Amino acid sequence: MSEETMGKVYDPKTFEKKWYEYWESNNFFHADENGEGDAYSIVIPPPNVTGQLHMGHALDNTLQDILIRFRRMQGYNTLWMPGCDHAGIATQAKVEESLRKEGTNRYELGREKFLERVWKWKEEYGNRIMFQLRTLGSSCDWARERFTMDEGCSKAVREVFATLYEEGLIYQGRRITNWCPNCNTAISDIEVEHKTEKGHLWHLRYKVDGEDRYVEIATTRPETMFGDTGVAVHPDDARYKDLVGKTLILPIVERKIPLFADEYVDPAFGTGAVKVTPAHDPNDFEMGLRHNLEEVVVIENDGKMGEGAGKYAGLDRYECRKKLVKELEEIGVLVSTEEHEHAVGHCSRCNTTIEPLVSKQWFVNMESLAKPAMEAVKDGRIKFVPDRFTKIYLNWLENIRDWCISRQLWWGHRIPAWYCADCGETSVSRVDIDKCPKCGSKNITQDEDVLDTWFSSGLWPFSTMGWPNETKELEKFYPTSVLVTGYDIIFFWVARMVMMGLKFGKDVPFRHVFIHGLVRDAEGRKMSKSLGNGIDPVEVVDKYGADTLRFMLITGNTPGNDMRFYWERVESARNFANKIWNASRYLLMNLAEKESDFKPEESDYTLADRWILSRFSVVTKEVTENLEKFELGEAARQIYEFLWSEFCDWYIELTKARLYDKEHNRPRQTALYVLGYVLEGTLRLLHPFMPFITEEIWQKLPHEGNTIMLSPWPKKGEVDETAIEEMSVIMDAIKTVRNLRAEVGATPGKKSEVILSFSDEKLKNLFSAHKDYLTQLASAEPVTFAENAPENALTAALAGVTVYLPLSGLIDIEKEKARLSKELDGIKSDIKRAEGKLNNKNFTEKAPASVVENERTKLAELKEKETATAERLAALEKMK
RNA sequence: GGGGUUAUAGCUCAGUUGGUCAGAGUGUCUCGUUGACAUCGAGGAGGUCACAGGUUCGAGCCCUGUUAACCCCACCA
């Protein structure tokens with residue numbers, strides 16, 4: 001292999017695409033449901049087909065790909081199921097927007113034509129997303145790609161809906177629901193975002209019928225008064241005791257409404273009297289049911305006032321409020337106005353203020369589904385990582401309310417319910433029907449509405465594997481191993497999957513839920529379209545490579561926490577890739593001269609060899625453990641440090657002399673062998689994180705197999721503790737020499753003599769065997785040993801070794817004395833601390849023996865340093 | 001109203017069960033173009049680990065309280 005095969009810098013463009021195509025065309029990502037090996041499976045959180053992948057997806061999928069690639073190399077039968085979500089409201093809104101630009105709308109187009117348009121959109125954007133996932137290196141099993149509205153998933157939806165309906169867990173009901181006047185559909189409770197807004201509390205007075213008395217009520221929404229059909233007070237409220245049961249006259253409308261008592265009312269709030277509008281407030285609706293009140297609708301689906309509002313009909317709800325307040329003031333109904341802060345619900349999609357409206361919707365009764373979902377987490381069948389999300393999940397399920405699943409949209413799974421115009425029967429069916437099962441009439445129509453998107457997403461872990469059929473996939477890969485997702489959809493998605501999985505999949509849908517945070521911009525703001533601060537992952541890949549982006553996304557970040565996107569961090573990750581590239585280049589440039597069948601004897605290994613091999617073993621063990629406990633960032637950091645700080649900065653430097661010495665072939669071959677061994681192994685450790693560059697280099701190195709992605713995960717090898725210790729002493733000495741040299745401004749090119757003295761023979765032997773290390777890494781030449789300190793030299797004491805750097809000119813004695821006495825002060829205070837500890841009986845008795853032993857060793861070393869430094873100081877004193 | 005997260009070097013953050021844990025990246029300063037890499041190497045400066053108590057032989061790490069920022073949940077008009 002010659003230098004020409006590798007460019008001088010890391011250039012991902014030249015190989016990323018090539019390798020992805022290689023992997024994909026060779027079916028390396030494919031999971032075999034009949035295959036051997038324990039299963040390891042992940043279903044992708046299906047991205048919405050609304051647009052393109054953002055940085056959050058890049059993070060999410062990088063995490064999944066790391067886990068998948070790691071387990072695949074470990075020998076698991078590994079499945080990563082890819083796919084997209086149809087994203088009902090969001091996608092429909094996108095397509096409607098493009099229709100609007102064309103000057104038309106979905107009603108003009110008609111349902112069928114409109115859906116054709118959406119499918120076209122889905123094809124385009126769905127493909128784009130799958131392309132982007134490939135760009136990131138995601139090793140998905142593309143043969144199994146699914147879509148929430150494809151045939152299989154739709155079948156699962158029908159099956160689940162029908163079963164829940166038959167069991168009475170899905171029902172239709174006329175209720176107050178959250179209505180978005182802009183999206184024109186009902187939405188579920190969790191799709192409502194509560195925001196605190198400054199508003200007013202208007203005090204109005206309603207006249208008591210036939211008496212010259214008034215009851216004062218307080219309201220934040222005066223425009224709903226047209227729908228008032230009662231006024232409520234607390235039963236124990238003394239102020240209103242004699243009024244309960246009387247009739248009030250609703251101003252303007254002049255309707256007679258009852259004043260009644262209800263526990264719900266908080267006597268301390270406002271005036272203690274509440275206007276009751278059953279058609280437009282959830283609580284009032286409940287009170288209406290309890291007290292048999294009429295529902296008068298005064299606000300329509302579009303957010304405008306209806307017939308009931310009299311002359312205000314047709315006005316926008318807020319416009320009406322303004323005008324009405326003015327009128328109420330003029331006619332003396334408005335008593336006072338207070339400033340008032342309160343939470344107002346907004347549509348999580350379009351931010352429009354939610355209007356609670358009465359309508360007929362489909363609901364899922366959650367109670368019986370939620371219970372097992374809580375149990376599964378409580379008893380540890382499902383574990384959240386990090387653990388703190390357990391509480392959030394449980395708390396939500398404990399307070400869960402029924403789930404409104406019908407949406408007044410066209411894009412989605414149409415509700416499989418048919419209504420008979422003749423006998424009035426409602427029939428739910430797993431297959432389409434054309435006549436009423438009860439009376440046989442052909443005069444039936446299917447429910448116009450579609451299901452909440454999350455209804456089908458909730459089935460994803462098993463609907464993608466062929467459920468309700470009993471498939472091999474389900475048998476092999478369900479439950480999945482882990483779900484990787486952001487904390488923002490724990491309620492929307494995770495909880496629903498657990499409920500549905502337990503109910504229909506007969507087991508938990510996944511064993512672990514690995515939660516990550518959001519990727520924010522450099523200022524810590526959420527990346528969003530409206531702020532225009534989003535960064536396209538594909539742009540980063542184009543500029544820096546997918547490996548760089550992936551590495552940047554998982555380092556310096558801890559599970560569950562948000563992270564910020566910095567181009568500087570991207571560059572730093574790119575620099576790391578370049579470092580790997582060049583370290584490999586160093587080896588490859590010399591590899592042509594490697595004898596392929598050469599295998600070193602035990603005696604061939606140098607201290608540096610034994611050291612790096614041992615360090616590699618340790619790192620392998622730690623990286624593996626960290627990956628197993630989802631500490632991906634920590635695992636990546638360990639590889640980074642090992643590769644850069646140990647392999648490159650120390651080991652490679654120490655092999656140069658052997659590599660360039662053509663006279664002695666055996667040491668040279670040994671160095672090449674160890675370099676290759678450690679580099680190849682490290683590439684395998686790194687492959688899950690940086691799949692492309694590792695494959696590119698691995699293919700150039702001597703290797704076994706077709707691809708690094710299917711090569712075995714490195715096993716922890718032997719660790720030579722002595723080598724690690726000895727090397728660390730030498731490294732310390734080298735650093736010390738470098739320090740002293742920097743002190744006098746010596747340039748690296750200029751070698752200078754270094755004198756060492758030792759407190760024991762073992763150290764002396766160690767250094768005398770490795771003088772060359774000091775020469776190579778600290779420009780120390782010659783390295784000589786002496787019993788007594790040379791006069792004209794800088795000094796630094798290590799444990800057992802004292803380093804002297806002789807100077808050609810005279811040393812500045814005063815300066816050197818100052819430096820040494822500062823050093824001595826530091827040593828002394830360390831000694832004091834160590835002695836303090838060791839003199840404390842509580843410490844020596846209670847602390848683990850190893851900790852105490854450590855402290856003793858440390859103290860002994862400090863004392864050696866103290867003696868050596870003090871002696872040198874004294875010598876300098878004399879010289880003066 | 002309930003719950004959570006964060007507070008560590010100028011900046012952004014690691015620090016997984018309490019004992020070489022005071023770290024990294026970046027920025028900054030000094031020096032360096034010997035054939036892996038200037039997307040680099042060597043060296044330096046820089047932190048009362050928010051504050052106050054407590055537990056412990058020992059506390060960024062555990063407990064309590066305080067402050068600040070952010071987030072989630074919540075049908076009081």
Side-chain angles (χ1 to χ4, degrees), chain A residues 3 6 8-10 176 189-190 193-194 201 217-221 224 232 264-266 268-277 281-286 340 342-343 345 356 386 388-389 391-392 395-396 399 401 487-488 490-491 517-518 522 524 544 555-564 566 568-569 571-590 625-626 629-631 633-634 637 640-641 645 648-649 652-653 656 660 735 738-739 741-743 745-749 777-779 837 840-848 850-852 854-855 858:
Chain A
E3 194 184 348
M6 278 188 98
K8 200 174 171 185
V9 291
Y10 161 70
I176 284 256
D189 294 333
I190 47 175
E193 280 176 11
H194 296 273
L201 197 55
I217 58 95
T219 181
T220 54
R221 301 200 56 195
T224 61
Y264 162 76
V265 181
D266 174 9
F269 188 89
T271 61
V274 190
K275 65 191 264 314
V276 182
T277 323
D281 181 281
N283 299 305
D284 294 6
F285 181 79
E286 295 297 321
H340 181 62
H342 61 146
R388 73 181 124 96
F389 292 102
K391 202 173 163 187
I392 295 171
N395 185 53
W396 186 71
N399 300 302
R401 294 157 68 206
Y487 58 69
D488 50 336
I490 291 176
F491 306 146
L518 272 35
Y544 290 91
T555 44
N557 174 233
T558 202
N561 285 6
D562 292 351
M563 66 180 309
R564 299 188 191 198
Y566 281 93
E568 291 93 321
R569 291 191 48 220
E571 280 178 16
S572 148
R574 188 271 319 269
N575 293 351
F576 177 53
N578 189 59
K579 192 73 184 176
I580 301 163
W581 185 260
N582 276 289
S584 308
R585 204 166 141 257
Y586 166 73
L587 171 61
L588 285 161
M589 282 166 63
N590 294 286
E625 284 171 359
N626 276 307
K629 53 185 184 182
F630 299 101
E631 292 283 353
E634 182 64 12
R637 193 190 62 77
Y640 178 98
E641 299 235 307
S645 309
C648 291
D649 290 346
I652 283 187
E653 292 306 322
K656 283 183 176 171
Y660 296 146
K735 285 185 213 164
R738 285 170 174 173
N739 271 327
R741 287 172 56 91
E743 201 85 35
T747 60
L777 297 186
S779 303
K837 265 188 172 181
N840 183 339
K841 266 195 183 147
N842 280 322
F843 174 71
T844 49
E845 281 166 15
K846 291 182 184 172
S850 63
V851 174
V852 178
N854 254 339
E855 205 59 41
K858 201 162 114 190

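Each chain gets a letter, A, B and so on, in the order its sequence line appears, and its residues count up from 1. The structure displayed is predicted, hence computed values, not measured ones.
To the nearest whole angstrom, the two P atoms, one in B:rC63 and one in B:rA7, are 15 Å apart. On the C1' atoms, B:rA24 is 12 Å away from B:rU8, given to the nearest whole Å. Comparing B:rU30 with B:rA68, their C1' atoms sit 39 Å apart, to the nearest whole Å. For B:rG2 and B:rG15, the C1' atoms lie 32 Å apart once the distance is rounded to whole Å. Look at the P atom in both B:rC40 and B:rG3: the space between them is 49 Å, to the nearest Å. The gap from the C1' atom of B:rA9 to that of B:rG25 amounts to 12 Å, rounded to the nearest Å. Going from the C1' atom of B:rG44 to that of B:rG60 covers 26 Å, rounded to whole Å. Comparing the same atom, C1', in B:rG23 and in B:rU66 gives a spacing of 29 Å after rounding to whole Å.
Residue A:Ala746 is the one, among A:Asn395 and A:Ala746, whose nearest nucleotide of RNA chain B lies closer to the 5' end (criterion: closest heavy atom). Across the interface with RNA chain B, nearest-nucleotide mapping of A:Ser584 and A:Glu568 shows A:Glu568 to be the residue nearer the 5′ end.
Base pairing of B:rU16 is not made with any nucleotide, judged by Watson-Crick or G-U wobble geometry with both donor-acceptor distances under 3.5 Å. In this structure, B:rU56 forms no base pair with any nucleotide, since neither Watson-Crick nor G-U wobble geometry is met with both distances under 3.5 Å. Under the Watson-Crick or G-U wobble criterion, with both distances below 3.5 Å, B:rG1 is paired with B:rC73. Using the Watson-Crick or G-U wobble rule with both distances under 3.5 Å, B:rU48 pairs with nothing in any strand shown. In a base pair of the Watson-Crick type (N1 to N3 plus N6-O4 or O6-N4) or a G-U wobble (N1-O2 and O6-N3), with each distance short of 3.5 Å, B:rG43 is matched with B:rC29. Remark: B:rU6 base-pairs with B:rA68; criterion is Watson-Crick or G-U wobble with both hydrogen-bond distances under 3.5 Å. Look at B:rA38: it lacks any Watson-Crick or wobble partner with both distances under 3.5 angstrom.
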Exercise. Reading nucleotides 12-20 of chain B from the 5' end, what letters show protein touch, with B for base, S for backbone sugar-phosphate only, - for no heavy atom under 4.0 Å?
Worked result: SSSSB--B-
For this session: Any chance you could list the contact pattern along nucleotides 38-49 of chain B? Use B for base contacts, S for sugar-phosphate-only contacts and - for none, protein heavy atoms under 4.0 Å, 5' to 3'.
Result: SBSSSSS-----
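Rounded to a whole Å, the CZ atom of A:Arg401 is 8 Å from the P atom of B:rA74. Rounded to whole Å, atom C1' of B:rA74 lies 15 Å from atom NE2 of A:His342. For A:Tyr487 and B:rU6, the OH to C1' distance is 12 Å, given to the nearest whole Å. With rounding to whole Å, A:Ile176 atom CD1 is found 15 Å from B:rC76 atom C1'. Rounded to whole Å, the distance from CD on A:Glu641 to P on B:rA24 is 8 Å. Rounded to whole angstrom, the span from the CG atom of A:Leu777 across to the C1' atom of B:rU34 amounts to 14 Å. In this structure, CD1 of A:Ile392 is placed 13 Å from P of B:rG3, rounded to the nearest angstrom. Look at CG on A:Asn840: it is 7 Å from P on B:rG58, rounded to the nearest Å.
Taking the side chain as every heavy atom from C-beta outward, A:Lys275 and A:Thr224 approach each other to under 4.5 Å. Two residues are said to be in side-chain contact when any heavy atoms from C-beta on lie closer than 4.5 Å; A:Phe491 and A:Asp189 fail this criterion. For the pair A:Val852/A:Phe843, a side-chain contact is recorded, criterion being any heavy-atom separation below 4.5 Å from C-beta on.
Remark: side-chain polar atoms of A:Asp562 are paired, donor with acceptor, to backbone N or O of A:Leu518 under 3.5 angstrom. Under the 3.5 Å distance criterion, the side-chain polar atoms of A:Arg738 are matched with a main-chain donor or acceptor of A:Leu777. Here the side chain of A:Arg574 pairs no donor or acceptor atom with the backbone of A:Tyr10 at under 3.5 angstrom. For the pair A:Asn557 (side chain) and A:Asn561 (backbone), a donor-acceptor distance under 3.5 Å is present. With hydrogens and angles ignored, the 3.5 Å screen pairs no side-chain donor or acceptor of A:Ser572 with any backbone N or O of A:Glu568. Looking at A:Tyr566, its side chain does come within 3.5 Å of a backbone N or O of A:Ala522 through a donor-acceptor pair.
Between A:Tyr487 and A:Phe389, the ring planes lie parallel to each other; the angle is under 30°, not in the 30° to 60° tilted range.
Residue-level contact check: A:Ile217 touches neither bases nor backbone, having no heavy atom under 4.0 Å from any strand. Within the 4.0 angstrom heavy-atom criterion, no nucleotide atom of any strand lies near A:Val276. Contact annotation for A:Tyr640: backbone-only contact, meaning every heavy-atom pair under 4.0 Å involves sugar-phosphate atoms and none involves a base. Among the protein residues, A:Lys275 comes within range of no part of the nucleic acid, since none of its heavy atoms lies under 4.0 Å from any strand.
When each of A:Leu587, A:Leu588, A:Asn582 is paired with A:Arg585, the side chain to side chain contact (heavy atoms under 4.5 Å, CB included) condition holds for A:Asn582 and for no other.
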For this session: Given salt bridge (Lys or Arg N to Asp or Glu O under 4.0 Å), test A:Arg637 with A:Glu641 step by step and report yes or no.
Result: CA-CA 6 Å; A:Arg637 193 190 62 77; A:Glu641 299 235 307; 3.3 Å; yes
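Of the listed nucleotides (B:rU26, B:rU5, B:rA77), B:rU5 has the atom at the smallest distance from the side chain of A:Arg388.
For B:rG10, the base adopts the anti conformation, since its glycosidic angle falls more than 90 degrees from zero.
The shortest distance between the side-chain N/O atoms of A:Lys391 and the OP1/OP2 oxygens of B:rG4 is below 4.0 Å.
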